[in-house]
Student: 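Have a look at this one before I ask anything.
As the structure is a computational prediction, the values presented were derived from the model and not from experiment. Letters A, B, ... mirror the listed sequences (proteins, then strands); counts begin at 1.
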Amino acid sequence: MKKTTLISSGLGLRTTLFAGALLLLAPGVALASGEAVINAGDTAWIMISTALVMLMTPGLAFFYSGMVRKRNFLSTMMQSFFMLCIISLQWVLIGYTLAFGPDIGGVIGGLDFIGLRGVGMEANGTIPHIIFMLFQGMFAVITVALITGAFAERIKFSAFVIFALVWTTLVYDPLCHWVWGGGWLSNDGALDFAGGTVVHISAGVSALVFALVIGKRKGYPKESMPPHNLGWTLLGTALLWFGWFGFNAGSALAADGIAALAFVTTNTAAAAGGVAWVLIEWIRTGKPTALGAASGAVSGLVAITPGAGFVGPMSALIMGLGGGVFCYLGVSWLKPKLGYDDTLDVFGIHGIGGIWGAIATGLFATVGAKGTFFGNPGQVLIQLEGIVATVILAGVVTYVLLKILNATIGIRVTKEEEAVGLDLSQHGESGYN
Amino acid sequence: MKKIEAIIKPFKLDDIKTALQQLHVEGMTVTEAKGFGRQKGHTELYRGAEYSMDFLPKVKVEVVVTDELAPRVIEVIVDAARTDSIGDGKIFVTEVEEVVRIRTGEHGEDAL
């Protein structure tokens, strides 16, 4: 909600953090407090942050593609990478205005900014409106790319591209509006600094639904399906961690103290998540793994995302540790127990980590908002409301969309295509020659 | 002439190559292989899921030598490849009917 924009108002973004000021979020309630002024430092930071968040999508491509088998390496890369192409266009054409256009009933943004009409160099807060637009766009790109881990190694590419466009339009854009665009969840006071609900819970829940609808990979879980190159996965983790500074600290929308705080909480939680996961493994199985360190770091990053600019570094440490522990349980206990093939653990890490982060933000918030542990007992309930709303929107729309796609063009490749690998069958090329 | 195929632990390849060169074995063919014997495979853990790896990486060395040299070659490979632990590998010896050097058309032992 820190990211909420105040179109044509001179009000500083920081002010919007306080629950009392939430009323002002509705665009159209322009304050007569003078002209908005562009700040060079803020603008520079948000342009850099935009580039950092952009880098997360190829980072995610490496993170995921290292975990699949050789014959699906390129296709897994491509599923993330291509989102940079199509969602970037979706965003400038229709996505941005649905998310950040003038509020209609707290549910969706109006079409005023369609095709970026009226989105130009003028100040929005302290940065040019047009760079605010692209910063937000990079979040839309990576969110749908996150889902690709659920159906890795068996998705029909054409169906996925249609899914991605429709999902972003019907799930991401409205949800983004609810939380950051002046919609009903921000009006209720739900805290989501950089995308715990909008990005991680929505992607995680949609991924779980996708895994259930598309079914298990051929041979799962009997056959051995070990990751083909965990070096890629560690490289991807490093790029994600690096990009996450833009994701979280950039969400302050200013180069200020809150951005600096978010920068530190982000790093601390990532570290704590990595330590937690590796320690559990070491105790339970006797071996500390590289994949565990990578998974744990990402879990910590997911967990801190909603609270990055709301909590202190010690709370971030606890949130990161919790992320490592809960995501480990989600991946190595819950998944085998329930038997779904969420191939690269999108739900286990982003769904569970996101839910933990959203709750923990409601508990630990001290900066710019008060959590349950700091004198505002009701905050955690508001957080739960945000979680439930996200789960319902993402779950239902994803389910219906997949049922329609499955009945028309089909979402899964044939058995032969799956056996030969998606690199060859979907893209006509090989990752390794 | 005999063909000697040795399935060995990959890290022993250099020792075997050096030993065979000292015997003046003029050439060899090396293939990366996978397999198991009594050693069986091992298990790997990824995000808590246990995978049993039935096939272990091995290297297959093939040399073709004269009948006289064959016992020495076998002896040298055994010495070089042995670690005394399970999984050291096996050697298979077969009769070779004919050898042709493609460049010159030489036949038999001259072609070795």
Student: With a 6.0 Å cut-off (strictly less than), is the heavy-atom count around CZ of F81(A), excluding the residue itself, greater than 12?
Tutor: no
Student: What I want to find out is whether E418(A) reaches R412(A) closely enough, with some N-O distance under 4.0 Å, to be called a salt bridge.
Tutor: yes
Student: Where along residues 330-339 of chain A does a heavy atom come under 4.5 Å of chain B, listed by residue number?
Tutor: V331(A), S332(A)
Student: Rounded to the nearest 0.5 Å, how far apart are OG1 of T94(B) and NZ of K2(B)?
Tutor: 9.0 Å
Student: For D341(A) and F151(A), what are the C-alpha separation, side-chain angles and deciding distance, and is it a side-chain contact (heavy atoms from CB on, under 4.5 Å)?
Tutor: CA-CA 8 Å; D341(A) 182 10; F151(A) 49 67; over 6 Å; no
Student: Can you name the closest pair of heavy atoms from P288(A) and V278(A) and give their distance?
Tutor: CB-CG1, 3.5 Å
Student: Which residues, numbered in order, of residues 342-355 of chain A come under 4.5 angstrom of chain B by heavy-atom distance?
Tutor: L344(A), D345(A), I349(A)
Student: For residues I201(A) and A358(A), report the shortest heavy-atom separation together with the two atoms involved.
Tutor: CD1-CB, 4.2 Å
Student: Does a side-chain N-to-carboxylate-O contact under 4.0 Å join R69(A) and E153(A)?
Tutor: yes
Student: About how many Å separate OG of S80(A) and CD1 of I142(A), when rounded to the nearest 0.5 Å?
Tutor: 7.5 Å
Student: Do any of residues 52-76 of chain B come closer than 4.5 Å to chain A, heavy atom to heavy atom, and if so which ones, in number order?
Tutor: S52(B), M53(B)
Student: Please find the pair of heavy atoms, one from G292(A) and one from T289(A), that lie closest to each other, and give the distance.
Tutor: N-OG1, 2.8 Å
Student: Pair K9(B), S85(B) - check side chain to side chain donor-acceptor pair (under 3.5 Å), show working.
Tutor: CA-CA 11 Å; K9(B) 287 182 170 164; S85(B) 60; 3.0 Å; yes
Student: What heavy-atom pair brings A150(A) and A207(A) nearest, and what distance separates the two atoms?
Tutor: CB-O, 3.3 Å
Student: Given heavy-atom pairs under 4.5 angstrom as the criterion, report whether the side chain, backbone, both or neither of S295(A) touches chain B.
Tutor: both
Student: Enter the distance from W356(A):CH2 to L321(A):CG here, rounded to the nearest 0.5 Å.
Tutor: 9.5 Å
Student: Which distance, rounded to the nearest 0.5 Å, do you find between the CG of D423(A) and the OG1 of T76(A)?
Tutor: 7.0 Å
Student: Would you please go through residues 221-239 of chain A and name the residues with a non-hydrogen atom below 4.5 Å from one of chain B, in numerical order?
Tutor: E223(A), S224(A), M225(A), P226(A), P227(A), L230(A)
Student: Could you pull out the closest heavy-atom pair between R154(A) and G215(A), with the gap in Å?
Tutor: NE-O, 2.7 Å
Student: I need the M83(A) CE to T57(A) OG1 distance, nearest 0.5 Å.
Tutor: 9.5 Å
Student: Heavy-atom count around E32(B) CD within 6.0 Å, excluding the residue itself: above 12?
Tutor: no
Student: Between R82(B) and D88(B), is there a salt bridge with N-O shorter than 4.0 Å?
Tutor: no
